[in-house]
Protein chains: 2
Amino acid sequence: MRIGELAARAGVSVRSLRYYEEQGLLTSTRSAGGQRHYTQDDVERVAFIQRLYAAGLSSRTITELLPCLDSPSDENSDAAMERMAKERDRLSTHIEDLLRTRDALDVLMVAAQAHRDARQAARPPHDGVPVLASGFRGR
Amino acid sequence: MRIGELAARAGVSVRSLRYYEEQGLLTSTRSAGGQRHYTQDDVERVAFIQRLYAAGLSSRTITELLPCLDSPSDENSDAAMERMAKERDRLSTHIEDLLRTRDALDVLMVAAQAHRDARQAARPPHDGVPVLASGFRGR
DNA sequence: CTTGCCTCTCACATTGATGTCAGGTTTTAG
DNA sequence: CTAAAACCTGACATCAATGTGAGAGGCAAG
């Protein structure tokens, strides 16, 4: 398939695909006229790349990881293992952080909802105590 | 305290603090000479801002949220509630996504480890089947 | 008062992924 | 064969948060 179709299937812009290739994340065979051709597997690969991007891995990091996945017998697999472990840890930490943030957001929403209810009970407006200073304990 | 101290306490650059103020996320009183002064609470506030940033909220979004937290009696609290709920959902989705990505990474690591073990068992090198195509089923 | 450190504003640079535009070529449908 | 649609390369634009540097001024200790 050509680049437009891959883009459509993977839900990515054509521009991005060319960028991935430029970064060494994706390869293509070229037609006689120079147009890129891809296989079905590339759809999956692009999806995976997107996933890693979403996980906060940089293009640079992904570049170091993917070659190992293509041919796991490379000598660099040791380094890649290490890097994968490191990224996994980073990801776990990040997830923890997001969970805590979501909790904090929940606290704020409960507080806001409480205020809403209070207001609905015909209290005078602008009686508010700031939510942040009292409700949130950092880190 | 002055800006340098706040920066140090919150673990943020001075530049960022000025940027937060520019974006309306943070306010300061000014000394006669024009220097910014902050209170203890601002340390906490900055930590919270950082947390929201880490959760992927844009400066724009945070700007819309924080005023509601400062004085929860504002009329905009309805809109803010809605936005908070929306961001909470987005955050949840994102967390789900990261968890799945971490799982995928685990799969890859297991595969890589298996290959490592196989190699250690004195197999010839470069026998590798690509991990990605076989092991990963997208989305 | 002077020295040194901190702060001020303004402005331009950077980074990463992507958008967009221009000018030209390939492929495909009619 | 021709026109439309898709593609090519290359370059410049964008966005958000932050870095960085210049030139000037505030503030506290000696």
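Chain letters run A, B, ... following the sequence lines, proteins first and then strands; every chain starts at 1. Because the structure is a prediction, the values reported are computed rather than measured.
A:Tyr53 meets the ring pair (Phe, Tyr, Trp, His ring centres under 6.0 Å) test with A:Tyr20; sequence neighbours excluded. By the side-chain hydrogen bond (donor to acceptor under 3.5 Å, both in side chains) test, A:Arg18 is found to be paired with no residue, residues two or more places apart in sequence or in another chain being considered.
The nearest whole Å value for the distance from the CG atom in B:Leu52 to the P atom in D:dA16 is 17 Å. Rounded to a whole Å, the CZ atom of B:Arg30 is 13 Å from the P atom of D:dG26. If you measure from atom CE of A:Met1 to atom P of D:dA6, you get 16 Å, rounded to the nearest angstrom. In this structure, the OH atom of A:Tyr38 is 16 Å from the P atom of D:dA6, given to the nearest Å. Atoms CD (B:Glu22) and C1' (D:dA16) sit 12 Å apart, rounded to a whole Å. Rounded to an integer number of Å, the gap from CD of B:Glu21 to C1' of D:dT18 is 16 Å. Rounded to whole Å, the distance from CZ on B:Arg36 to C1' on D:dG26 is 13 Å.
Here ring-ring contact (aromatic ring centres under 6.0 Å, His included) pairs that include residues 86-111 of chain A, with residues two or more places apart or in two chains, number zero.
Here A:Thr101 contributes atom OG1 and B:Arg51 contributes atom CZ; the two are 4.5 Å apart, rounded to the nearest 0.5 Å.
Looking at heavy-atom distances under 4.0 Å, A:Arg18 makes contact with a base.
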Practice problem: For A:Ile49 and A:Leu66, run side chain to side chain contact (heavy atoms under 4.5 Å, CB included): C-alpha distance rounded to whole Å, both residues' side-chain angles, the deciding distance at 0.1 Å, then the answer. | Solution: CA-CA 9 Å; A:Ile49 292 172; A:Leu66 285 185; 4.0 Å; yes
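Of the residues in residues 4-11 of chain B, not one comes within less than 4.0 Å of DNA chain D through any heavy atom.
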Quiz prompt | Protein proximity profile, nucleotides 14-30 of chain C - base contact B, sugar-phosphate-only contact S, no contact -, cut-off 4.0 Å on heavy atoms | solution = --SBBBB-----SSS--
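Under a 3.5 Å cut-off, the side chain of A:Arg102 and the backbone N or O of B:Ala55 do not form any donor-acceptor pair.
The pair A:Glu64-A:Lys86 does not count as a salt bridge, with every side-chain nitrogen at least 4.0 angstrom from each carboxylate oxygen. In summary, A:Asp97 and A:Arg100 engage in a salt bridge, as defined by a charged side-chain N under 4.0 Å from a carboxylate O.
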Using a 3.5 Å cut-off and no angle test, enumerate the donor-acceptor pairs between side-chain atoms of residues 4-12 of chain A and protein atoms at least two apart in sequence or in another chain.
residue	atom	partner	partner atom	Å
A:Glu5	OE2	A:Arg9	NE	3.2
A:Glu5	OE2	A:Arg9	NH2	2.4

